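As the structure is a prediction and not an experimental result, all values here were calculated from the model. Here is the naming used below: chain letters follow the sequence lines, and residue numbers restart at 1 for every chain.
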There are 2 protein chains.
Amino acid sequence: MASIKDVAAEAGLSVATVSRALNGHPSVSPAARRRVLAAVEALGYRPNAVARSLRTDQTRTLGLVISDVMNPYFTELARSVEEEARALGYSVIIGNADERPELQDHHVTTLLDRRIDGLLLSPTDGGSPRMLDAARAGTPMVFVDRWIPGVDVPVVRSDGQTAVRDLVAHLYRLGHRRLAIIAGPAATTTGRERVDAFRAALRAHGLEVPDAYIGQGDFQADSGRRVTEGFLDLAEPPEVVFAADNLMALGALDALRARGLRVPDDIALAAFDDIPWFVHTDPPVTAIAQPTGALGRAAVRALVDRIEGRPGESVTLPARLVVRRSCGEPAPSPSPVRRSTS
Amino acid sequence: MASIKDVAAEAGLSVATVSRALNGHPSVSPAARRRVLAAVEALGYRPNAVARSLRTDQTRTLGLVISDVMNPYFTELARSVEEEARALGYSVIIGNADERPELQDHHVTTLLDRRIDGLLLSPTDGGSPRMLDAARAGTPMVFVDRWIPGVDVPVVRSDGQTAVRDLVAHLYRLGHRRLAIIAGPAATTTGRERVDAFRAALRAHGLEVPDAYIGQGDFQADSGRRVTEGFLDLAEPPEVVFAADNLMALGALDALRARGLRVPDDIALAAFDDIPWFVHTDPPVTAIAQPTGALGRAAVRALVDRIEGRPGESVTLPARLVVRRSCGEPAPSPSPVRRSTS
DNA sequence: CCTCCTTGTGGAATCGATTACACGGAGGAT
DNA sequence: ATCCTCCGTGTAATCGATTCCACAAGGAGG
């Protein structure tokens, strides 16, 4: 592969001039510039990003460590992150932690070894030592979706509190009183927050959440299935199951179907995180939709701000309730109400 | 960030010895090794991968350019690729081409600029100039899922011919005779192959596919919707719609639902590519499942073989039919038929 | 006792870029 | 004519690793 030396030789100039010409430095004569461009063309030269990074101490690369690529929410997030980064002239390297702390650590380490300019993190657990070291060492960093309390890093996330309140009001209006939640891991902020918001919203209606109605999941489909089965085995099973993420909702749907229960007639289902597929499930699932694209873009902007020396602020965007049929009421439509339950 | 020089100073040794100690070179005394390790520990030193890559001319990084991250098939592929690569000591940088040739080119270019050791490609179109140049220049490369005829690069893919034959037999047995297909872009091999396999399978039953029953899609949901609407507007609409990928199947499902048609009673639906969500749609979708994980792993192994100087062979794995309810027959299960539609 | 080989170590070149500094020549001011 | 500025260019240092080569010390063999 041709190097800058080859270009210099071909153009009959020094490497310094070639470099300057290629980087748009002002003090290069038009004639020299032309010769450089011609040589570049002739040799099919492309600058070696590795060498450039070593010298300039910047890679123009962002690292993104997400908890689970197979989760459509994170896929969409990754996509919007890459788009915005590209628009700002950065590349993105994605690391998939698969909800496993040691994998998360592995990715943080290799990304740091590669001297990425900044790190976008959606921490799996309470924060690994590597991550905390990096934060302390001043590596530009932004948390997205989830975060770690007590670490001084901007957080870009979505606030589901209002949406959860809307959801609970919706459920209450439909006559549901026994509401259960499949929670995420307590080590994650989103795991805790969603339970808290749920409990607070219920309390506003004078309802309490018994411990038996809080199932411990891990944001994966299997745990949704398992927890739902536990709910159904209760002497007094809940009337509604609210899953704290979309994969657990999927697991719950499986479990309900396996027992031959009809949704929403026998039991209602709702989920945090809206995804395109929820429109096509049987029945379509009522969900709380995060502004995923906006979240990804805001996170990248905050991170790039940090990298380029600007403040880089935390952002919180509101989530919103999307009503479909899984809780018993048809999605808002002009047609008259069909149901005539006693 | 501490460099090897700092470690050398701290340990009272030369950088050469430090480098040797860290790379397991035999001629380093146990005493020196101990001091190096102690210094590394004390300084929290991590080798700079950028500098190492420049010197050794290898990045231990693979590039993966896929056509669409939001497509669960490719997400799963990316995941298995990353896993296998990690097991072999490589990282993966994913580029999402979004079915857009110019984006694909952009990613190939930046990946090459970063001097990745090898490239895994699922080409969007007939192959961009950059890609062809790279192949000719001897960049280790492997095509996965799709490929470009006439380019001397190993191909790791799945053969759907048998599965398509099984599908058509299944449909025929159910009494369907008017079968339509939503094809992928003719520029992609998978786009063409699936149509050819479909046509051949029909011919084996003495059936022809009229041109009107071959709709041109682009592997995106919207095109599935559009093409399906076209089918339904025909004087004699098909009895079955077969979508050449999962997203177009989703679009088709939308279109059918929008017209108030019941699947499979009014019209049957099948898809190429099986994904977890097809179990949960209404109705569950009969699909042709590729061995995605095995495909990703085989592709990485072939690529790493090439990189490390071994041959690196093409691999073709069989796909298989997964029957669910969307074509009219319940998935094989011991339970009696519950439904009693008039 | 001298030579030769082995072992462990250090000095310095190298990878491919960027960039501080030096320098020669052209042109303007005095 | 002399001096001072710019302008365009080249030389060389630098980034952080790896690795070739040289070399010193010590043991074995003659």
Side-chain angles (χ1 to χ4, degrees), chain A residues 1-40 43-61 89 109-117 137, chain B residues 1-40 43-61 89 109-117 137:
Chain A
M1 190 147 262
S3 84
I4 196 171
K5 264 190 214 152
D6 304 315
V7 177
E10 172 84 11
L13 292 163
S14 73
V15 293
T17 304
V18 173
S19 174
R20 280 188 283 251
L22 259 21
N23 290 299
H25 196 282
S27 75
V28 174
S29 70
R33 197 178 303 273
R34 259 196 312 278
R35 279 156 63 199
V36 167
L37 261 23
V40 164
L43 298 171
Y45 168 77
R46 292 250 78 212
N48 184 328
V50 174
R52 171 180 296 166
S53 293
L54 177 60
R55 179 59 229 244
T56 61
D57 201 33
Q58 53 162 323
T59 49
R60 293 205 75 83
T61 301
T109 304
T110 50
L111 288 169
L112 256 25
D113 284 355
R114 275 153 200 278
R115 301 299 193 266
I116 47 147
D117 293 340
Chain B
M1 190 147 263
S3 83
I4 196 170
K5 265 189 213 153
D6 304 315
V7 177
E10 172 83 11
L13 292 162
S14 72
V15 293
T17 304
V18 173
S19 174
R20 280 188 285 251
L22 260 19
N23 290 298
H25 196 283
S27 77
V28 173
S29 70
R33 196 178 304 274
R34 259 197 312 278
R35 277 155 65 199
V36 168
L37 262 22
V40 163
L43 298 171
Y45 168 76
R46 292 250 79 211
N48 184 329
V50 174
R52 170 179 298 171
S53 293
L54 176 60
R55 180 58 229 244
T56 61
D57 200 33
Q58 53 162 319
T59 49
R60 294 206 74 83
T61 301
T109 304
T110 50
L111 289 169
L112 256 24
D113 285 355
R114 275 153 201 278
R115 302 299 192 265
I116 46 147
D117 293 340

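With dA17(D), dT9(C), dT9(D) as the candidates, the nucleotide lying closest to the side chain of Leu13(A) is dT9(D). Of the candidate nucleotides dA17(C), dG10(D), dG10(C), dA17(C) has the atom nearest to the side chain of Ala51(A). Considering only the side chain of Asn48(B), dA17(D) comes nearest among dA17(D), dT9(C), dG16(C).
For the OP1/OP2 pair of dG10(D) and a distance below 4.0 Å, the side-chain nitrogens and oxygens of Thr17(A) include at least one atom meeting the criterion. Between dG8(D) and Ser27(A), no contact under 4.0 Å exists linking OP1 or OP2 to a side-chain N or O. For Ser29(B), a side-chain nitrogen or oxygen approaches OP1 or OP2 of dT9(C) to under 4.0 Å. One finds no side-chain N or O of Ser14(A) lying less than 4.0 angstrom from the OP1 or OP2 phosphate oxygen of dT11(D).
Across all strands shown, Val28(B) has heavy atoms under 4.0 Å from sugar-phosphate atoms exclusively, and none from any base. Heavy atoms of Ser3(B) sit under 4.0 angstrom from primed sugar atoms or phosphate atoms, though from no base atom. Using a 4.0 Å heavy-atom cutoff across all strands shown, Ser19(B) reaches at least one base atom of the nucleic acid. Across all strands shown, Ala32(B) has heavy atoms under 4.0 Å from sugar-phosphate atoms exclusively, and none from any base.
Summarising the geometry, atom CZ belonging to Arg115(B) is positioned 10.0 Å from atom OG1 belonging to Thr59(B); distances are rounded to the nearest 0.5 Å. Considering CZ of Arg20(A) and OG of Ser29(A), their distance stands at 11.0 Å, rounded to 0.5 Å. We find the OG-CZ distance between Ser19(B) and Arg55(B) to be 9.5 Å, quoted to the nearest 0.5 Å.
Atoms CG (Asn23(B)) and P (dT19(D)) sit 7 Å apart, rounded to a whole Å. Atom CG in Leu22(B) sits about 7 Å away from atom P in dT18(D), given to the nearest Å. Taking atom CG of residue Leu54(A) and atom P of nucleotide dT18(D), one finds them 12 Å apart after rounding to whole Å. The separation between Arg20(A) atom CZ and dC7(D) atom P is 14 Å, rounded to whole Å. Put simply, CD on Glu10(B) is 18 Å from C1' on dG16(D), counting in whole angstrom units. Between the CZ atom of Arg60(A) and the P atom of dT18(C) there is a distance of 13 Å, rounded to whole Å. His25(B) places its NE2 atom 12 Å from the P atom of dT18(D), with the value rounded to the nearest Å. We find that CG of Asp57(B) is positioned 10 Å from P of dC15(C), with the value rounded to whole Å.
Looking at Arg33(A), its side chain has no donor and acceptor atom pair within 3.5 Å of the base of dG8(D).
For the pair Ile4(B) and Pro47(B), the minimum side-chain heavy-atom distance is 4.5 Å or more. Looking only at side-chain heavy atoms (C-beta outward), Val7(B) and Leu43(B) come within less than 4.5 Å of each other.
When the nearest nucleotides of DNA chain C are assigned to Ala16(B) and Ala2(A) by heavy-atom distance, the more 5′-ward of the two goes with Ala16(B). In terms of position on DNA chain C, the residue among Arg115(B) and Arg55(B) whose nearest nucleotide sits closer to the 5' end is Arg55(B).
Results of the side-chain contact (heavy atoms from CB on, under 4.5 Å) test with Arg114(A) over Asn48(B), Thr61(B), Val50(B) single out Thr61(B) as the only residue that passes.
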